2 protein chains.
Amino acid sequence: MLTTFPDISRLKPAGGKRSGKREQIVNVFLRQEGHLSADDLVDLIRGEDQRISRATVYRTLQWMVDAGIARKVDFGEGRFRFEHSYRQPRHFHLICKTCSRSFEFLSSDIEGLVEEVAAARSFTVSQSVVQIYGTCDECRTGRTTSSQDGQTDLLFARDALRIAIATERSGAEFYTRAAKITRDARGRKVFQDLAHEEQEHLGRLEERYHELLERDPKLESRPTFLFFKGAAHGLFAEGAERLMKGVNDQQALMIGIRCERGSHRFFKKYGERFEDSEGKQIFLEFADEERTHLDLLVREYRALVKRQGRTRRGPSASPRAGAR
Amino acid sequence: MLTTFPDISRLKPAGGKRSGKREQIVNVFLRQEGHLSADDLVDLIRGEDQRISRATVYRTLQWMVDAGIARKVDFGEGRFRFEHSYRQPRHFHLICKTCSRSFEFLSSDIEGLVEEVAAARSFTVSQSVVQIYGTCDECRTGRTTSSQDGQTDLLFARDALRIAIATERSGAEFYTRAAKITRDARGRKVFQDLAHEEQEHLGRLEERYHELLERDPKLESRPTFLFFKGAAHGLFAEGAERLMKGVNDQQALMIGIRCERGSHRFFKKYGERFEDSEGKQIFLEFADEERTHLDLLVREYRALVKRQGRTRRGPSASPRAGAR
DNA sequence: CTAGGTGCAAATAATTTGCAGAGGC
DNA sequence: GCCTCTGCAAATTATTTGCACCTAG
């Protein structure tokens with residue numbers, strides 16, 4: 001089920017001996033889902049071995065935190081809880097005050113804002129905590145939702161793919177629209193080609209999405225884990241339609257270059273921020289594909305410029321301006 | 001300095017007697033800035049009266065929380081701290097791990113995202129905590145920044161005014177630009193009038209801003225307290241320039257109506273969310289002014305329609321569409 | 001007079017620590 | 001044999017409570 005456990009035997013923070021007890025505690029901890037308090041863990045351990053003392057559990061938990069196996073979280077209950085730390089390191093929590101369960105989510109949007117706030121105060125962030133307290137759907141309605149927790153890795157991959165697909169789709173639509181508007185035949189051809197490529201790439205992403213869904217039939221109905229608007233918005237707003245009409249092939253290529261460059265940078269930037277996981281992989285692969293496409297366009301552009309000289313360069317299509 | 005203290009004598013949660021001790025503790029608490037731990041408060045109290053017991057301080061703190069004078073906050077130190085609760089109720093914290101001071105900020109942007117996340121899970125939010133841990137500027141650079149903390153009320157007012165000004169400015173610019181583009185003389189006149197009114201309103205806001213600055217000379221250099229992008233962006237994106245050229249007076253009025261309506265709703269919505277304060281006042285007054293202006297425009301529009309019948313109504317200017 | 005408020009000391013609750021013995025390398 | 005881990009019990013820390021006493025209304 002779980003992708004890869006860290007190799008426990010290798011983890012020895014500031015030295016540490018292999019010991020039956022410690023290994024036992026770590027194993028019980030890793031077998032659990034969710035956020036355990038020290039006491040929960042003691043109870044679980046006691047279930048299979050009476051002779052382990054509370055102090056040892058506390059000491060082992062501390063060791064796990066140092067080793068990077070566990071993370072200590074404070075839900076304001078007056079005691080700490082511990083979560084597996086191979087999960088996303090910068091996730092946030094929804095905490096139900098009724099059933100005291102907690103749900104994790106990722107929000108690059110919130111992260112971004114947090115960074116802005118910190119920057120405005122020249123504050124160096126080492127960790128940020130976002131906790132939303134309230135009542136969960138189940139506790140409010142009484143119904144039991146099928147969606148168990150955990151399995152965030154697949155969820156993350158699913159959401160990463162959804163974002164990639166949304167981006168690609170908006171790209172495809174943009175180029176298609178551009179192709180319709182553009183009067184210049186060569187310009188139109190460029191947009192048509194671009195639209196076609198986006199469509200193709202979109203197809204591949206969707207296929208991958210379906211493959212992912214097959215791994216877990218309930219995957220699609222699970223709540224969103226990664227909240228991230230940035231991606232699908234704005235990357236393809238480039239050039240009001242008014243400008244499109246008179247666009248020639250060179251200018252069309254330049255527009256394509258800007259869009260692909262934006263997309264590449266965006267996915268690279270955010271992909272790099274995530275922890276190793278399939279989702280991160282998807283972001284980085286997507287960034288790579290955009291990069292490849294971008295390089296291709298750049299080569300085409302250069303070839304075109306070489307062939308034509310500077311004669312037909314439009315006023316609004318300088319290679320670097322507003323590339324962001 | 002501080003605007004208005006709550007009338008302590010009136011505050012009696014679930015009944016409660018006036019008592020010298022309690023009043024004394026409350027007064028000492030209210031005299032302090034920042035976030036006190038129970039122990040800090042005990043020390044302060046002991047400074048002026050040896051005979052007050054720790055238990056009483058704890059009991060009084062609990063009473064203050066119930067009475068709404070204080071708010072209990074958890075900075076993950078293993079004990080609680082208490083802050084005055086006449087401050088903004090939904091503020092967040094930057095917490096320096098070195099000097100263990102904390103700085104407050106407001107972010108409607110983050111609040112908005114938090115609400116979205118909760119909505120996606122059908123989670124009913126009762127409280128949300130955002131804490132950014134790290135190192136503050138002073139601790140990192142060694143320099144002492146003049147900006148003491150506290151005084152959030154003035155800061156909030158300052159930031160509210162800045163946002164109002166930014167909005168008004170973007171409105172003025174938008175109408176000025178529109179006036180330049182519009183070919184129809186009557187349409188142009190409408191935009192010119194709008195631009196003029198915005199300019200005037202802008203002037204009044206700026207004057208008020210300067211008045212505010214006079215109340216505290218260091219006010220302008222203090223770090224941002226309210227983070228809120230929403231306002232200045234998007235409200236005036238209405239109608240690509242392309243469309244402006246052919247706009248007549250009726251259509252121009254309609255564009256103005258949409259912009260003012262957007263602005264009014266926006267400031268009303270967010271203004272209502274804040275706690276009583278000068279800043280809230282500014283938001284609501286601004287919303288009101290926009291409303292008045294809006295009503296005026298609507299009346300003008302109706303009069304125009306009456307005079308002209310439906311003959312000249314343009315295709316893109318239906319009164320309600322996209323009013324958001 | 002009586003419901004609260006107050007002080008003191010004891011109780012909790014989560015977590016840490018000192019120390020002596022056990023166990024891995 | 002040394003160094004670390006472990007168990008147990010005692011210590012610590014923040015906070016709460018029981019109870020007898022005191023005080024305002």
Side-chain angles (χ1 to χ4, degrees), chain A residues 8-29 35-46 48-67 69-83 100, chain B residues 8-29 35-46 48-67 69-83 100:
Chain A
I8 297 144
S9 50
R10 289 281 154 69
L11 293 165
K12 293 187 182 178
K17 279 177 186 165
R18 260 229 250 165
S19 111
K21 294 278 161 80
R22 178 166 297 176
E23 213 131 315
Q24 204 178 344
I25 297 171
V26 173
N27 283 332
V28 171
F29 174 73
H35 303 86
L36 299 177
S37 67
D39 221 51
D40 293 339
L41 191 54
V42 171
D43 287 348
L44 284 164
I45 302 284
R46 288 275 159 86
E48 52 180 66
D49 188 342
Q50 291 291 307
R51 284 170 308 246
I52 290 185
S53 101
R54 193 172 298 275
T56 306
V57 172
Y58 273 101
R59 280 190 277 237
T60 307
L61 278 169
Q62 189 51 54
W63 178 86
M64 285 194 280
V65 170
D66 295 341
I69 302 170
R71 210 176 298 122
K72 207 172 179 176
V73 284
D74 178 7
F75 291 157
E77 305 166 290
R79 63 182 166 171
F80 289 98
R81 290 182 172 275
F82 296 83
E83 62 182 17
S100 70
Chain B
I8 295 144
S9 50
R10 289 280 153 70
L11 293 166
K12 293 187 182 178
K17 282 177 185 165
R18 243 332 166 120
S19 112
K21 295 278 161 79
R22 180 167 295 175
E23 214 131 312
Q24 204 178 344
I25 296 171
V26 173
N27 283 332
V28 171
F29 174 72
H35 303 86
L36 299 177
S37 67
D39 222 50
D40 293 339
L41 191 54
V42 170
D43 287 347
L44 285 164
I45 303 285
R46 288 274 160 86
E48 52 181 65
D49 187 342
Q50 292 291 305
R51 283 170 311 247
I52 289 184
S53 102
R54 192 172 298 274
T56 305
V57 172
Y58 273 100
R59 280 190 276 238
T60 306
L61 278 169
Q62 188 52 54
W63 178 87
M64 286 194 280
V65 170
D66 295 341
I69 302 171
R71 210 175 299 120
K72 207 171 178 175
V73 285
D74 178 6
F75 291 158
E77 305 166 289
R79 63 181 166 172
F80 290 98
R81 290 183 171 275
F82 296 83
E83 61 181 17
S100 70

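In what follows, chains carry the letters A, B, and so on, assigned in the order in which the sequence lines appear, proteins first and then strands, with residues in each chain numbered from 1. Everything numeric here is computed off the predicted structure, so don't read it as measured data.
A:Ala38 and A:Val57 get closest at one heavy-atom pair: O-CG1, 4.1 Å.
In this structure the side chain of A:Phe75 reaches within 4.5 angstrom of the side chain of A:His35, judged on heavy atoms.
Heavy atoms of B:Arg51 sit under 4.0 angstrom from primed sugar atoms or phosphate atoms, though from no base atom.
The side chain of A:Thr56 has D:dT6 as its nearest neighbour among C:dT6, D:dT15, D:dT6. Listed nucleotides: D:dT15, D:dA9, C:dG7. Nearest to the side chain of B:Ile52: C:dG7.
At whole-Å resolution of the value, CZ in A:Arg59 and C1' in C:dA14 are 15 Å apart. The CD1 atom of A:Ile45 sits 11 Å away from the P atom of D:dT6 (whole-angstrom rounding). Spacing between atom NZ of A:Lys21 and atom P of C:dG21 amounts to 17 Å, rounded to whole angstrom units. Regarding A:Arg22, its CZ atom lies at a distance of 15 Å from the C1' atom of C:dC25, rounded to whole Å. To the nearest angstrom, P of D:dT6 lies 17 Å from CD of A:Gln50. We find that CZ of A:Arg79 is positioned 19 Å from C1' of D:dT12, with the value rounded to whole Å. The separation between A:Leu61 atom CG and C:dT17 atom P is 15 Å, rounded to whole Å. The separation between B:Arg54 atom CZ and C:dA9 atom P is 13 Å, rounded to whole Å.
When the side-chain nitrogen and oxygen atoms of A:Tyr58 are compared with OP1 and OP2 of C:dT15, one or more of them lie within a distance under 4.0 Å. Look at A:Ser53 and you won't find any side-chain N or O under 4.0 angstrom from OP1 or OP2 of D:dT6.
Taking a cutoff of 4.0 Å between a charged side-chain nitrogen and a carboxylate oxygen, A:Arg81 and A:Asp40 qualify as a salt bridge.
Under the 3.5 Å distance criterion, with hydrogens and angles disregarded, no donor-acceptor pair is assigned to the side chains of B:Asn27 and B:Glu23.
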